[in-house]
Amino acid sequence: MINNVAIITGLLFGILGIVFGAFGAHALKKVISEQKLVSFETGVRYQFYNAFFLLILGIGFDTSLSSKLLLWSYYLVTTGTVLFSLSIYLLALADYLKKSFKFLGPVTPLGGLLMVLGWACLLASVLTA
């Protein structure tokens, strides 16, 4: 079960990464600062890293391997990616959207921490197999 869900999530992250990357490269280049564009691209890059992670998780791992750790890995990486990348996207677009997303400042590192913990769960699953 986790295999298909991880593959689908990874594919969705990849599709959205392509869309957001193209949006940033073409549409945003004209309306936000270079610094904000670099931040936006960081969100896209980490979204892609974790899209590949989820594809590897779904394709490359038998669910009989410490399945609780694999499940935690999936949830942590997925939640972390959404929090990390989405908060960066919104912070980069704040001026353009004329909105204050300053409350999202602490969300970005929390998302990063969750991603690290998700990767660590996969490592623990492999080491305990």
Side-chain angles (χ1 to χ4, degrees):
M1 168 89 170
I2 184 68
N3 295 66
N4 288 340
V5 173
I7 292 168
I8 291 167
T9 306
L11 290 170
L12 288 173
F13 280 1
I15 291 167
L16 290 172
I18 292 167
V19 170
F20 294 157
F23 179 67
H26 299 290
L28 290 183
K29 189 181 277 189
K30 300 170 188 169
V31 297
I32 65 174
S33 71
E34 182 67 29
Q35 180 184 4
K36 300 258 184 194
L37 187 59
V38 168
S39 292
F40 190 90
E41 290 169 349
T42 298
V44 171
R45 187 171 54 251
Y46 277 83
Q47 183 173 326
F48 266 115
Y49 293 156
N50 289 302
F52 292 127
F53 174 92
L54 292 169
L55 290 172
I56 291 167
L57 180 68
I59 294 168
F61 288 90
D62 181 358
T63 53
S64 66
L65 293 178
S66 215
S67 61
K68 285 184 183 179
L69 286 171
L70 291 177
L71 194 58
W72 273 102
S73 183
Y74 168 78
Y75 286 123
L76 288 166
V77 166
T78 299
T79 304
T81 303
V82 169
L83 292 176
F84 182 85
S85 292
L86 183 61
S87 65
I88 288 178
Y89 298 150
L90 291 173
L91 288 166
L93 292 170
D95 292 341
Y96 177 73
L97 297 173
K98 295 179 177 53
K99 300 276 185 188
S100 175
F101 294 114
K102 290 186 188 226
F103 68 93
L104 291 175
V107 173
T108 307
L110 174 63
L113 175 63
L114 293 177
M115 290 186 294
V116 169
L117 292 173
W119 282 71
C121 282
L122 182 59
L123 174 63
S125 178
V126 170
L127 293 175
T128 59

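If you take OH on Y96 and CG on L28, they are separated by 8.0 Å, rounding to the nearest 0.5 Å. To the nearest 0.5 Å, atoms CZ (F20) and CZ (F48) are separated by 10.5 Å. The distance from atom OH of Y49 to atom CE of M115, rounded to the nearest 0.5 Å, is 10.5 Å. We find the CD1-CD1 distance between I59 and I7 to be 4.5 Å, quoted to the nearest 0.5 Å. For the atom pair L122 CG and L76 CG, the distance stands at 11.5 Å (nearest 0.5 Å). Taking CG of L113 as the reference point, atom OG1 of T108 lies at 12.5 Å (rounded to 0.5 Å).
With a 4.5 Å cut-off on side-chain heavy atoms, R45 and T42 count as touching. Using a 4.5 Å heavy-atom threshold, the side chains of T78 and F13 count as touching. Residues L54 and Y74 form a side-chain contact, since some pair of their non-hydrogen atoms from C-beta on lies under 4.5 Å apart. S125 places none of its side-chain heavy atoms less than 4.5 Å from the side chain of W72. Side-chain contact between D95 and I32 is absent, with no heavy atoms from C-beta onward closer than 4.5 Å.
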Chi angles and distances behind the side-chain contact (heavy atoms from CB on, under 4.5 Å) call for L93, F40:
CA-CA 8 Å; L93 292 170; F40 190 90; 4.3 Å; yes

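Heavy-atom neighbours of Y89 OH from other residues, nucleotides or ligands within 6.0 Å: above the threshold of 12.
When the side chains of ILVMFWY residues are joined at heavy-atom separations under 4.5 Å, either directly or via intervening members, L37 and I18 end up in a single hydrophobic cluster. L86 and L11 fall within the same hydrophobic cluster, defined by Ile, Leu, Val, Met, Phe, Trp and Tyr side-chain heavy atoms under 4.5 Å apart, directly or through other members. Following chains of ILVMFWY side-chain contacts shorter than 4.5 Å, one can reach W119 starting from I56, so the two form part of one hydrophobic cluster. By the rule that hydrophobic residues join a cluster once side-chain heavy atoms approach within less than 4.5 Å of another member, Y75 and F84 end up as members of separate clusters.
Here the closest non-hydrogen pair linking S85 and G43 is OG-O, 2.8 Å. Considering every non-hydrogen atom in both K29 and A25, the closest pair reads CE-O, 3.4 Å.
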